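Scroll down for the structure; my scribbles are underneath it.
Here is the naming used below: chain letters follow the sequence lines, and residue numbers restart at 1 for every chain. These numbers come from a predicted model, not from an experiment.
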There are 2 protein chains.
Amino acid sequence: MLELAILGLLMDRDHHGYEVRAHLRDRLGLGANISFGSIYPALARLEREGLVEVAVTSATKVSTLSTGSLSGERASLRSLRVTPGLNRKSRKVYQITPRGREEFAHLLADPATLNDGKNFSMRMALAKYLAPNARVGLLEQRRSSLCARLGEARQYASNDELDTYARSVMEHAVQGVELDIAWIDTLLATERSNQINLAPEAN
Amino acid sequence: MLELAILGLLMDRDHHGYEVRAHLRDRLGLGANISFGSIYPALARLEREGLVEVAVTSATKVSTLSTGSLSGERASLRSLRVTPGLNRKSRKVYQITPRGREEFAHLLADPATLNDGKNFSMRMALAKYLAPNARVGLLEQRRSSLCARLGEARQYASNDELDTYARSVMEHAVQGVELDIAWIDTLLATERSNQINLAPEAN
DNA sequence: TTTCGATATATCGAACTGATATGATAGTTG
DNA sequence: CAACTATCATATCAGTTCGATATATCGAAA
């Protein structure tokens, strides 16, 4: 899931790891900060799979005092080496590859990898990259799984063995699911009105 | 977090692992099914720490055909051994220990371990075991963190670089937080009216 | 000037997921 | 009645994620 989110960010423009975290939060709606212990390994996996590559390893303000006698090759080696312990700032800027773009399109549209609410929200935040029919497909799948969930939640809330607090938790869960369904419905309504506007003489 | 939830279930009565999963879902509001890959290791941890113990290992319908020549000791060994490959049903029923009850009370009231929404809901489902002041404390802490979150979410939603879909995701997140705050407020109101009813002549 | 907060990468252990394996028991159906 | 299926029940594994921690740079303020 993180890999899809990161690929989605890189579809727009290049990013480095530290930047990725902020965007996962404020552009993809992944609420709390995702830990770097997830992000850096995910970037490493994507790189290993050839879906992203390091575009630039910038070492800001390379001191011109000591590099005077270094050949260009040795200087570039120095700036590419990013093992900890190096004495200058390293900043690996990642870029999505053509294969990465393919994989992104495939993953984003794949209904089999749609697991939970966070996953769905993240995909909707990237929905501009989806074909309209794929968008509607994901929305309808999500809607039906939420309806199932609503039935379960209502059942749990009506369990008369629950004390006041536990019952309140269950009722709140029901309200949460209802809110989610209402949201999906507004999104579906928008999709349908767009289809009508774009293809009024269809049929 | 799982350990606290399991201890909470065992406060009420003994359970075996398979049963725990259903109750995490329908009594503690931990929505989707928690995987057994979480539950069994958690039970093993709790047992290792001495917070729970195996009350009974029941082997329903021990075949009386082959056990005729077995001594009582060997028969009990057989029913206690639960390594895979055994040819009879094993069912480990867990019981909370006195130290487990202490640890439960401590963990449940500890505001430092209150991380996310799921954690909070789970604690509220167990709130009958909390002292009223601890209950109000947790509610107020949750409220203030939700208010902070609301501010952030509103800020993200007002980012004008977002496309329609991403903005919709952010606005939905805002509504979710608002619903959560409204819930907390009803719970706080209930707590306060209870305090007035129980101690009307305070001050 | 040095100290502080933000920027930036990386690693580690522990926890959780989803998949998979194994087998017991109970019901049902051809 | 035998075979099949669903549910009950425990367990392990690889892979993912979290939270904490370490390290180092940079700009700004005290």
Side-chain angles (χ1 to χ4, degrees), chain A residues 1-6 15-24 30-49 54 56-63 79-94 112-116 118-119 122, chain B residues 1-6 15-25 30-49 54 56-63 78-94 112-116 118-119 122:
Chain A
M1 154 155 181
L2 229 196
E3 303 189 11
L4 173 54
I6 292 176
H15 290 283
H16 54 91
Y18 189 79
E19 212 174 18
V20 159
R21 184 162 80 149
H23 286 332
L24 291 174
L30 295 178
N33 282 331
I34 305 294
S35 100
F36 288 125
S38 310
I39 292 169
Y40 289 115
L43 284 167
R45 284 197 300 276
L46 288 167
E47 193 178 3
R48 200 189 325 126
E49 293 161 13
V54 177
V56 195
T57 301
S58 63
T60 47
K61 269 199 186 173
V62 173
S63 89
S79 63
L80 279 173
R81 204 150 52 103
V82 283
T83 48
L86 267 195
N87 59 349
R88 55 192 78 259
K89 185 174 179 179
S90 52
R91 198 174 191 246
K92 286 164 85 173
V93 177
Y94 289 88
T113 62
L114 208 177
N115 295 317
D116 55 6
K118 272 213 194 292
N119 187 315
M122 182 264 287
Chain B
M1 156 157 179
L2 228 198
E3 303 189 12
L4 173 55
I6 293 176
H15 291 282
H16 54 91
Y18 189 79
E19 214 174 16
V20 159
R21 184 163 81 150
H23 285 332
L24 291 173
R25 175 175 26 79
L30 294 177
N33 282 332
I34 305 292
S35 100
F36 288 123
S38 310
I39 292 169
Y40 290 114
L43 283 168
R45 284 197 301 275
L46 288 168
E47 194 178 3
R48 200 189 323 127
E49 293 161 13
V54 177
V56 195
T57 302
S58 63
T60 47
K61 269 195 187 175
V62 173
S63 91
R78 270 190 89 172
S79 64
L80 279 173
R81 206 152 50 104
V82 283
T83 47
L86 266 196
N87 59 349
R88 54 192 79 257
K89 186 176 180 180
S90 50
R91 199 175 189 244
K92 286 164 85 172
V93 177
Y94 289 89
T113 61
L114 208 177
N115 294 317
D116 55 7
K118 273 214 194 291
N119 188 314
M122 182 264 287

Separation of [X] atom [atom1] from [N] atom [atom2], in whole Å?
X	N	atom1	atom2	answer
B:Ile6	C:dA15	CD1	P	12 Å
B:Leu4	C:dC16	CG	P	11 Å
A:Met1	C:dG18	CE	C1'	16 Å
A:Asp116	D:dT16	CG	C1'	13 Å
B:Lys118	C:dC16	NZ	P	13 Å
A:Leu24	D:dT17	CG	P	11 Å
B:Arg91	C:dA26	CZ	P	11 Å
A:Lys92	C:dA10	NZ	C1'	9 Å

Next on the checklist: Checking A:Asn119 now: which residues fulfil side chain to side chain donor-acceptor pair (under 3.5 Å) with it, not counting sequence neighbours?
Outcome noted: A:Arg123
Item to check | Contact check, side chains of B:Tyr94 and B:Glu47, non-hydrogen atoms, under 4.5 Å | outcome: yes
Item to check | Side-chain N or O of B:Tyr18 closer than 4.0 Å to phosphate OP1/OP2 of D:dC8 | outcome: yes
Item to check | Pairs flagged by salt bridge (Lys or Arg N to Asp or Glu O under 4.0 Å) wherever residues 31-43 of chain A is involved - sequence neighbours left out | outcome: none
Next on the checklist: Judged by each residue's nearest nucleotide on DNA chain D, which is more toward the 5′ side, B:Asn115 or B:Glu19?
Outcome noted: B:Glu19
Item to check | All ring-ring contact (aromatic ring centres under 6.0 Å, His included) counterparts of B:His23, not counting sequence neighbours | outcome: B:His15
Between side-chain atoms of residues 32-46 of chain A and protein atoms elsewhere (two or more places apart, or another chain), which donor-acceptor pairs fall under 3.5 Å?
from	atom 1	to	atom 2	distance (Å)
A:Asn33	OD1	A:Arg25	NE	2.5
A:Ser35	OG	A:Gly37	N	3.1
A:Ser35	OG	A:Ser38	N	3.4
A:Arg45	NE	A:Glu3	OE2	2.5
A:Arg45	NH2	A:Glu3	OE2	3.4

Checklist outcome for this item: Closest of C:dT9, D:dT10, C:dC16 to the A:His16 side chain is C:dT9
Item to check | Sequence-distant partners of A:Glu19, salt bridge (charged side-chain N to carboxylate O under 4.0 Å, His left out), two or more places apart | outcome: A:Arg13
Checklist outcome for this item: What one should report as the nearest heavy-atom pair of B:Gly31 and B:Lys118 is N-NZ, 4.1 Å
Checklist entry - When you measure from every atom of DNA chain D, which of residues 31-46 of chain A have a heavy atom less than 4.0 Å away? => result A:Ile34, A:Ser35, A:Gly37, A:Ser38, A:Arg45
